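Values in this document were obtained by computation on a predicted structure and should not be read as measured data. Every chain is numbered from 1, with letters handed out A, B, ... down the list of sequences.
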Protein chains: 4
Amino acid sequence: MARGVNKVILIGNLGQDPDTRYTPNGNAVVNLNLATDESYKDRQTGQMVPKTEWHRIVLFGKVAEVAGQYLRKGSKVYIEGKLQTRKWQGQDGQDRYTTEVVVDINGQMQMLDSRGDGGGMNQGAPAGRPQQSNYNAPAAPQGNPQQQSGGYNQPSQGSMPEPVDDFDDDIPF
Amino acid sequence: MARGVNKVILIGNLGQDPDTRYTPNGNAVVNLNLATDESYKDRQTGQMVPKTEWHRIVLFGKVAEVAGQYLRKGSKVYIEGKLQTRKWQGQDGQDRYTTEVVVDINGQMQMLDSRGDGGGMNQGAPAGRPQQSNYNAPAAPQGNPQQQSGGYNQPSQGSMPEPVDDFDDDIPF
Amino acid sequence: MARGVNKVILIGNLGQDPDTRYTPNGNAVVNLNLATDESYKDRQTGQMVPKTEWHRIVLFGKVAEVAGQYLRKGSKVYIEGKLQTRKWQGQDGQDRYTTEVVVDINGQMQMLDSRGDGGGMNQGAPAGRPQQSNYNAPAAPQGNPQQQSGGYNQPSQGSMPEPVDDFDDDIPF
Amino acid sequence: MARGVNKVILIGNLGQDPDTRYTPNGNAVVNLNLATDESYKDRQTGQMVPKTEWHRIVLFGKVAEVAGQYLRKGSKVYIEGKLQTRKWQGQDGQDRYTTEVVVDINGQMQMLDSRGDGGGMNQGAPAGRPQQSNYNAPAAPQGNPQQQSGGYNQPSQGSMPEPVDDFDDDIPF
DNA sequence: TTTT
DNA sequence: TTTT
């Protein structure tokens, strides 16, 4: 239920392979870094200047499993989710905020191609092995705080904790 | 032009009066703090738990002027804009990131009522005087970083700089 | 599941009270006539010309019950649904098509006020009695075909049949 | 300007090549037939049943030119526009209504691939010759009324007139 | 870090 | 009439 509207719609390409983790109950949580491109006319030069915006996407439940399995660096994807800002403590003890686009059972994810980055033509075919990095988070992308935490759900001061979802962890979506 | 899609749609209420500033060229730039409400079922208690998400909105051009003039704390509003993340330096010299919903000529703002917070019934009527705080930013609401900068376009290290828009500052939207 | 995206987002006002009907299984099906206003500059006169677009909305399940109970002629409402075109036979035996915005469990309905048309101030309060017209449909508003059918689920040639939803009629949404 | 919200977002595939026409002033007007796919669970069989919805899209201005040039039967496309219902007279003199998704300067069109239907790999490359049928309208697709009119802007009773846009015809978008 |  |  909602007494408001909170909706985000994005189409862009993945800057890297999905980062798949699992909750203690075995539910997938997938992070994506999504680039949306825009260009605008520079008033000095009159030239069109490309501009890339990077978005941090978090998927839960079944849509997370599909994303983790089929999406790869470079994949074009449609995302429908909601904005959520999480508070966490930096190593200096100060508050930090990270805004993410959360895709849960109310959201949507549509693969618009399935190209991996190996140059392969695996159109519509699942990648061999879903990437899973439960122990070693990748370096954070531009525009997002460093992610140095250990396993999912073990945030600690001085690192960015993982997102939590509103839904019951025991019941798969 | 865009080779991607970057769209945010929100309906919520203002947590405080709009913060109106002006660029050197006299164009309005308005910041809003918008709350969207949601509720979800707590799995322990089975109760519905209300949850408020706060969004930082930045309006440019004509829509900014209208927002600054007619919106007030408590106003219900429809916002259509795009996600944008800005990088700035904290007082400790470290990088910080703030994600905002930018409403420019491609976006939309719809007043869904015009209630001020004084309990007045100025339904559909303009507020007496548009609030303008070019010298003293209000404290940030829950879920958003503190805003301690001075006037618009004078960011300094240790404070959060103001957003900049892609559009020609001299040409009103 | 969907391999495409089909989404409609509207904010407007009801041209008349909701038309509530029930399936044989007791599920509510509500029809709304929603007006969205726009204005554009006439190139002859240079004047802004108002233009109203009428939309036929069909709600199913729980959201239908809420709509039927709380919405009234004049109510402002947010609608999120999908486009659906139904084929039916006119009295002359020829095919007709009606496009509707369908709001089911994947959609959303948000009351933006609860004004009835009696000029009452029942803000946020339920109307006394949900209107139900299972036997006598109101005349269609501007921009929509006449609705002359009998009870729900008894379409006949020469009238516009009622919409059907994809979902199991026995299981409430 | 708008005092309401009227927005449609679609991702689907073209059922046929675009139909490009020109106004007397030389502005392109392009019609698309777009299929969006969905599937739902049949309650009798428990099977997933595919369901296709067809949409009539009308593009104006620059986005129309791009669509006419680069899209082909089978192309996947993102459409953002508004709902509009047009009234016209059937050959029997009776009123008919056709609902379209209008994409003008406020809308958006994104090619999600550029595949033509000849099986060619013209990825991102313009098709040899933009289809133009100013004299001979194609048979109407399923889910849409027959289109039997002559050239653009010469509707007559007994046929479905072409759509008109709110914008000044002389000024390219 | 993506894509065209 | 499309697509996977």
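- Taking both residues in full, the closest heavy atoms of A:R96 and B:Q94 are given as NH2-OE1, 3.0 Å, listed atom of the first, atom of the second, then distance.
- Whole-Å rounding puts the A:I57 CD1 to E:dT2 C1' distance at 13 Å.
- Atom CG of D:D19 is separated from atom C1' of F:dT2 by 17 Å (rounded to the nearest Å).
- Atom pair A:L32:CG and E:dT3:P shows a separation of 15 Å (rounding to whole Å applied).
- Whole-Å rounding puts the D:D113 CG to F:dT2 P distance at 15 Å.
- Every side-chain contact (heavy atoms from CB on, under 4.5 Å) that D:V77 has, sequence neighbours left out, goes to D:L14, D:L34, D:L71, D:I79, D:M109.
- For the pair A:W54 CH2 and E:dT2 C1', the interatomic distance rounds to 4 Å; values are reported in whole Å.
- In this structure, A:D113 contributes its side chain and A:K76 its backbone to a donor-acceptor pair below 3.5 Å.
- Rounded to whole Å, atom C1' of F:dT2 lies 11 Å from atom CG of D:D17.
- Whole-Å rounding puts the D:D37 CG to F:dT2 C1' distance at 7 Å.
- The separation between A:N13 atom CG and E:dT1 atom C1' is 11 Å, rounded to whole Å.
- Residue D:T52 places no side-chain atom within donor-acceptor reach of the base of F:dT1, judged by atom type and a 3.5 Å distance cut-off alone.
- Taking A:Q108 as the reference, nothing meets the side chain to side chain donor-acceptor pair (under 3.5 Å) condition, with sequence neighbours excluded.
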